[in-house]
Amino acid sequence: MGTIIASIFAIVIFAGIPAQADTLAKSSCSKENERRIIEIQRDPRVGGCVLMYTKFDVRKRIAKSLYNTTHCDSVKSGIEKNLSASGYMCSDLEPDRNTASE
């Protein structure tokens, strides 16, 4: 019984703490004074990925996969294609290592 309570307590305490994640791919898309950042992070908890998108300095998780990075890669490519069609210039950036995932 004590072990169950301790496990539940650990889940509740650590659930809100972001795990450290490696950025696998990162790109920047710019048009005039606007900039978008798209990054794929490895989710260390499950081995999949999280796709983060920054627009107007607001960073949001817009896609994730529990198993691999294929889905995140596909969504990232689609976003870059749409931004390029809208006149943005996209380029790859050096991935950050050990950044907090959200």
*Asks:* Any chance you could measure E80, atom CD, to I38, atom CD1, to the nearest 0.5 Å?
*Replies:* 4.5 Å
*Asks:* Nearest 0.5 Å, what's the OG1-CE distance between T23 and M52?
*Replies:* 9.5 Å
*Asks:* Do S28 and I37 have side chains that get closer than 4.5 Å, going by heavy atoms?
*Replies:* yes
*Asks:* What I'd like to find out is whether the side chain of K64 reaches to under 4.5 Å of the side chain of D43, using heavy atoms alone.
*Replies:* no
*Asks:* When you compare the side chain of R35 with that of S30, does any pair of heavy atoms fall below 4.5 Å?
*Replies:* yes
*Asks:* Quick check for you: to the nearest 0.5 Å, what is the distance between R36 atom CZ and T54 atom OG1?
*Replies:* 10.0 Å
*Asks:* Only counting residues at least two apart or in another chain, list the ones meeting side chain to side chain contact (heavy atoms under 4.5 Å, CB included) with K31.
*Replies:* Y88
*Asks:* Please tell me whether R42 and T69 have a donor and an acceptor in their side chains that are separated by less than 3.5 angstrom.
*Replies:* no
*Asks:* Evaluate side-chain contact (heavy atoms from CB on, under 4.5 Å) for K76 paired with Y53, printing each intermediate quantity in order.
*Replies:* CA-CA 9 Å; K76 179 180 178 288; Y53 183 75; over 6 Å; no
*Asks:* Restricting to non-hydrogen atoms, name the atom on C49 and the atom on I40 that form the minimum distance, rounded to 0.1 Å.
*Replies:* CB-CG2, 4.0 Å
*Asks:* So R59 and E39, do their side chains get closer than 4.5 Å, heavy atoms only?
*Replies:* yes
*Asks:* Quick one: SG on C72 to CD on Q41, what's the gap to the nearest 0.5 Å?
*Replies:* 9.5 Å
